[in-house]
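Have a look at the structure below, then the notes.
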Protein chains: 2
Amino acid sequence: MRKQAICAALEDHELDELQSIMIASSLAPHQTLVEEGEPRRKVFTLTSGMLRLYTMLPDGRRQITAFLLPGDYLGLGDEETYDETAEAVIESKLCGFPVAEMERLMELHPRLHARLYQMTRIALRQARDSQMILGRLAPVEKIASFLLVLSARAVEHGQPGNPVHLAMTRMDIADYLGLTIETVSRSFTKLRVQGLIRLPDAHQVEIVDRRALTAVAGIEPR
Amino acid sequence: MRKQAICAALEDHELDELQSIMIASSLAPHQTLVEEGEPRRKVFTLTSGMLRLYTMLPDGRRQITAFLLPGDYLGLGDEETYDETAEAVIESKLCGFPVAEMERLMELHPRLHARLYQMTRIALRQARDSQMILGRLAPVEKIASFLLVLSARAVEHGQPGNPVHLAMTRMDIADYLGLTIETVSRSFTKLRVQGLIRLPDAHQVEIVDRRALTAVAGIEPR
DNA sequence: CGTGTCTTTGAGGCAACTCAACACTCGTGG
DNA sequence: CCACGAGTGTTGAGTTGCCTCAAAGACACG
C-alpha cells in the first residue's frame, strides 16, 4: 500500500510488475539526478518535489527546458544517452525503472505504453508553448504567462492556484525564459506596480488581477 | 506498389491495413492543411515537400515551432483539437489517417504504436533544442545553428548536405528563430562577410567553413 | 516593361543587457 | 547575542545590440 502511494502518480494498480523493478530514491536540493550525455539507464517519474531540466553551452550559458512536477517523466528520449541534465530544485522523491525492463514491460502492457506515449505528447505540447514564449513574448509577457502556467499546474495537482509558490530562484526563471535575473526582477516589479500581482516575499506571488495578467500574457495557459 | 511508394516514409510493409484507411492529398504552396483549434480528425504524415507549423498571438505575432520534412508527422497531440496551424511552404504531398481508425490500429499493432511514440520523442527532442536556440543564442548563432540543422536533415533525407536549400522565406526563418527579417538578413550577411558561407542567391547557402560555423553555433546539430 | 513580393542595407531609438551597489535572509561562529 | 559571510534579490546607471522605420535593389510574373 505504501509503495502504491509512493508511485501513485505513475500507474494503474494493474501493473504490479512495475513495482517489482522500481527503484525509489530521493534527492536533496541542488542534487543532480542525471547529467547530459550520461548513458540512459533508467526512466524516472517524479513523485514529489520539483526538478529542473537543462542543457548548457560550452561558454556556460544555460537553458532550462522544463520544470518537472510530480507525475512528470524523465528520460523518455529514444537515444543512448540523456540529452539534458536533471537537478532537484527542492527536496524530491522519485521512482526509477531500468530502461531494458521498462521496454519489456511496455511490450507486454499496451496501457503502460499508451501512458508513456501520452506523457511524451504532453511534454511536446509544453515545449511548443515554451517556444512561443521564448521567441515572441516580451519580458513582462513572459513572466505573466509563466505565473499563469505555474498557477494552472498547481491546480492540476490539487493545490491552490492563487498564491503561486515559486520554488525556483530568479536565476532559474531567467534561464527558463531566456532573460537575465535583473530583467526577471524588474518584470515582477512592473507587474506589482501595475497592481496585477502582490509579492509578499520573493517566492510567493499573489495574483490580484488574473484577467489583466492573462491579457498581458497574450496567451492563456492551457 | 505505387501506394507504398507514396507513403514509404510511413510504415513497414506489414501494415497494409494502414493503406486501407489512408487518404492521400497534396497541397499547393501557402495552402493551409489544418488550423489551430480545428477538431483533430486526422493524423498526417508528410511524404514530400515542406510544411510549417505555427501558432499566432492575438496581435498577429507568429511563432513557427517546426518545419516538417518528409517522414515527419502532424496531429499527434492528445487533445480534441489541433494546437497549431499547418501550412505548405512548397508543394507538398501527404497521407492522412482518421484518428479513430488510427487508434484502433495502434492497439492492434504495437509496432505502429511504437513508431508514433518514437516520432513524438524525436519531435520533443527537436523542440527542446529549439528552446535553447530561442532562449540563449544570439542572432548570428541562431542562423548558424539553423543552417547546420537544415544541412544535417537534408543528409538524413539522402540529399547533399552542403549547398543548403532554404525553401522558406526570411519571414519564416525570423518567425522560427524569434527575430525580425532584417536581423535574419543581416546575420546572413555577417556570416558571408566572415567567409563562413556563400549566398549564390537568397535561397541557396553554401557552407564554406563548417568547422567555424559550428563554433559560431555554439552547439553542434544532432 | 511595369507591378508586387522578397531581400538587403542604412539610420536612429529604445529596451534588455552589463556592470555596480545595496538590501535582505540565513547560517555559522566568535 | 551579535558579527560576519555567502547566497539571493532588488534597484540604478550606462551601454550595446536588436528592433523600428525607411528606402532601394533583386527577382518573378503578367
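Protein chains get the first letters and strands the later ones, always in sequence-line order, with residue 1 at the start of each.
- Taking the centre and axis of the six-membered ring of Phe188(B), the NZ or CZ atom of Arg170(B) falls inside the cone set by 45° and 6.0 Å.
- Rounded to a whole Å, the CG atom of Leu199(B) is 15 Å from the P atom of dA26(D).
- Using a 4.5 Å heavy-atom cutoff, the side chains of Leu51(A) and Leu27(A) are in contact.
- In this structure, the CZ atom of Arg61(A) is 10 Å from the P atom of dT18(C), given to the nearest Å.
- With Thr47(B) contributing its side chain and Lys93(B) its backbone, the two residues share a donor-acceptor pair below 3.5 Å.
- For the pair Ile64(B) and Asp172(B), the tightest heavy-atom approach, listed with the atom from each and the gap, is CD1-O, 3.5 Å.
- Of the candidates Gln131(B), Gln63(B), Glu84(B), Glu84(B) is the only one forming a side chain to side chain donor-acceptor pair (under 3.5 Å) with Arg128(A).
- Note on ring orientation: taking the six-membered ring where Trp is involved, the planes of Tyr117(B) and Tyr117(A) are perpendicular (angle over 60°, cut-offs 30° and 60°).
- If you take CD1 of Ile181(B) and C1' of dA22(D), they are 12 Å apart, rounded to a whole angstrom.
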Between the protein and nucleotides 21-24 of chain C, which nitrogen or oxygen pairs come in under 3.5 angstrom?
none

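- The nearest whole Å value for the distance from the NZ atom in Lys142(B) to the P atom in dG17(D) is 15 Å.
- Note: CG (Asp201(B)) to P (dT5(C)) measures 20 Å, nearest angstrom.
- Proximity note for His203(A) (side chain, C-beta onward) versus dT8(D), dC17(C), dA16(C): the nearest is dT8(D).
- A donor-acceptor pair is defined here as one N or O able to donate and one able to accept, closer than 3.5 Å; such a pair exists between the side chain of Ser92(B) and the backbone of Ile90(B).
- Residue contacts for Leu179(B): at a heavy-atom cut-off of 4.0 Å it reaches the sugar-phosphate backbone alone, with no base atom in range.
- With respect to the salt-bridge test (charged N to carboxylate O, under 4.0 angstrom), the residues Arg125(B) and Asp83(A) qualify.
- The backbone N or O of Ser185(B) lies less than 3.5 Å from a partner atom in the side chain of Thr189(B), making a donor-acceptor pair.
- Between Thr180(B) and dC19(D) there is a side-chain N or O to OP1 or OP2 distance below 4.0 Å.
- For DNA chain D, the residues of residues 182-194 of chain A within the heavy-atom distance limit of 4.0 Å (strictly under) are Glu182(A), Ser185(A), Arg186(A), Thr189(A), Arg192(A), sorted by number.
- For Leu137(B) and dG17(D), the CG to C1' distance is 16 Å, given to the nearest whole Å.
- With values rounded to the nearest 0.5 angstrom, Tyr82(A) atom OH is found 13.5 Å from Glu36(A) atom CD.
- Near DNA chain D, meaning a heavy atom under 4.0 Å away, the residues from residues 169-177 of chain A are Thr169(A), Arg170(A).
- The existence of a salt bridge linking Arg136(A) and Asp175(B) is confirmed by a sub-4.0 Å separation between a basic side-chain nitrogen and an acidic carboxylate oxygen.
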